**Q** 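Before I ask anything, let me first share the structure, which is written out below as structure tokens.
Computed from a prediction, not measured in an experiment: that's the story for all the values here. Order of listing sets the numbers, starting from 1, for every ligand and every atom in it.
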Amino acid sequence: MNHLLSINDVTRESALEILDTAAELSRLSENSIKKFPTLRGRTVVNLFFEDSTRTRISFEAAAKRLSADVINFSAKGSSLSKGESLKDTALTLQAMGADAVVIRHSASGAAHQLARQKWMSGAVINAGDGTHEHPTQALLDAFTIRRNLANGEGDLKGLRVGIVGDILHSRVARSNVLLLQKLGATVVLIAPPTLLPVGVEKWGTEISFNLDEEIDEVDVIMMLRVQRERMDDLFFPTEREYSRNFGLNNERIQRMKKGAIVMHPGPMNRGLEISADSADSKRSVIVEQVANGVSVRMAVLYLLLGGSQ
Ligand code: NCD
């Protein structure tokens, strides 16, 4: 693997290798090794054209724990806002000796373009491209599910995962569907028809328009943010109605199976797709997802940049 652009490029074996490596790194970190010398002298650039809190910080923490030098480059306040192209930016990064570029962009395919054009020689990691993919989020989600429900080892066979809400705009959903199925889980997408993409029936998942029929069947319920910034149209009548039909609340939480968990990639709209008490409930592993993100991104950087050492 030279880049991480899409879960489509990750085999089941390499996904398991990333998860195992993340588990090992997380175990070592707990045993008080906070910093590894593995990527000393290497440079990781965070190239963020879209706003982000947790993903950018997570990659930064991951790179620093591996002793890499980190350059944070956000589009606002840079020459990009003066109209510099992706190509010129890439050439600049190449001149600065970037070994890896972590890119988030509002255009689907931006990471692929950066990798394909060979403007720079470093590894490209997709940290979210438009509504297309967000592979490290899917990996950290799989890691979190495995830790909580599969004894931390093996794949996710036999588990039923419900992904709820704004599937249409969600790169998290796309990457998760690909990865969870690769790892043997059954995925059910739960959403109003207006928030399902065209062609979704070819994704190989089950589809439901009724959260109440699914809530007591799933081992994992993954709530998605309603992505208002990508909505140029009316996708549901009112927020109240959306919450009533597709929001997670205490009453629905009570009906979940023993041991079933609640996930959300963040940032959450508390009160819209998830009630505050659901987000903070005992079943919620939302904060754990953030912590696991660092271990998983360390594993990805390690395997892409330092794995052979
Ligand atoms: C997600 C994203 O940016 O795609 N967030 C994240 O990476 N933690 C989901 C979202 O924005 O709703």
**Q** Is it the case that the side chains of S26 and S29 hold a donor-acceptor pair, with the cut-off being a distance below 3.5 Å and no angle test?
**A**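 S29 vs S26: no donor-acceptor pair found between side chains.
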**Q** Which heavy atom of I7 sits nearest a heavy atom of K182, and at what distance?
**A**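 Result for this residue pair: O-NZ, 3.1 Å.
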**Q** For A22 versus V296, what's the shortest heavy-atom pair and its separation?
**A**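 Here A22 and V296 meet closest at CB-CA, 3.8 Å.
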**Q** Can you sort out which atoms of ligand 1 are near T55, meaning under 4.0 Å from one of its heavy atoms?
**A** 6 (C), 7 (O), 8 (N)
**Q** Could an N or O of ligand 1 be found under 3.5 Å from any N or O of P267, whether backbone or side chain?
**A** no
**Q** Report yes if the side chains of R171 and Q137 come closer than 4.5 Å at any heavy-atom pair, otherwise no.
**A**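 Heavy-atom side-chain distance check fails, nothing below 4.5 Å.
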**Q** If you measure from the Lys or Arg side-chain nitrogens to the Asp or Glu carboxylate oxygens, is any gap between R147 and E288 under 4.0 Å?
**A** no
**Q** How are the rings of H169 and F235 set relative to one another: parallel (under 30°), tilted (30 to 60°) or perpendicular (over 60°)?
**A** perpendicular
**Q** For atom 11 (O) of ligand 1, what's the nearest protein heavy atom and its distance?
**A** R225 NH2, 2.9 Å
**Q** With heavy atoms of R54 as the reference, note each atom of ligand 1 found under 4.0 Å away.
**A**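 That gives atoms 8 (N) of ligand 1.
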**Q** Find all atoms of ligand 1 within a distance of less than 4.0 Å from any non-hydrogen atom belonging to Q137, and give their numbers and elements.
**A**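 It comes down to these atoms of ligand 1: 6 (C), 7 (O), 8 (N).
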**Q** Decide whether R230 and T131 meet the rule of one side-chain donor and one side-chain acceptor closer than 3.5 Å.
**A** no
**Q** To which protein heavy atom is atom 7 (O) of ligand 1 closest, and what is the distance rounded to 0.1 Å?
**A** H134 NE2, 2.7 Å
**Q** For atom 3 (O) of ligand 1, tell me which residue out of Q227, M268, E229, R171 has the closest non-hydrogen atom.
**A** R171
**Q** Below 4.0 Å from ligand 1: does a non-hydrogen atom of R104 turn up there or not?
**A**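 Judged by the 4.0 Å heavy-atom criterion, R104 does count as contacting ligand 1.
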**Q** Looking only at distances, can you tell me whether any N or O atom of V172, backbone or side chain, sits closer than 3.5 Å to an N or O atom of ligand 1?
**A** no
**Q** I'd like to know if G128 contacts ligand 1, where contact means a heavy-atom distance under 4.0 Å to any ligand atom.
**A**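 Not so, G128 does not reach ligand 1.
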**Q** Heavy-atom distance under 4.5 Å between the side chains of L195 and F236, does that happen here?
**A**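 In short, these two side chains touch, coming nearer than 4.5 Å.
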**Q** Atom 8 (N) of ligand 1: which protein heavy atom is closest, and how many Å away?
**A**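 Ranked first by proximity to atom 8 (N) of ligand 1 is P265 O, 3.0 Å.
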**Q** Which residue supplies the protein heavy atom nearest to atom 9 (C) of ligand 1, what is that atom called, and how far is it?
**A** G266 O, 3.5 Å
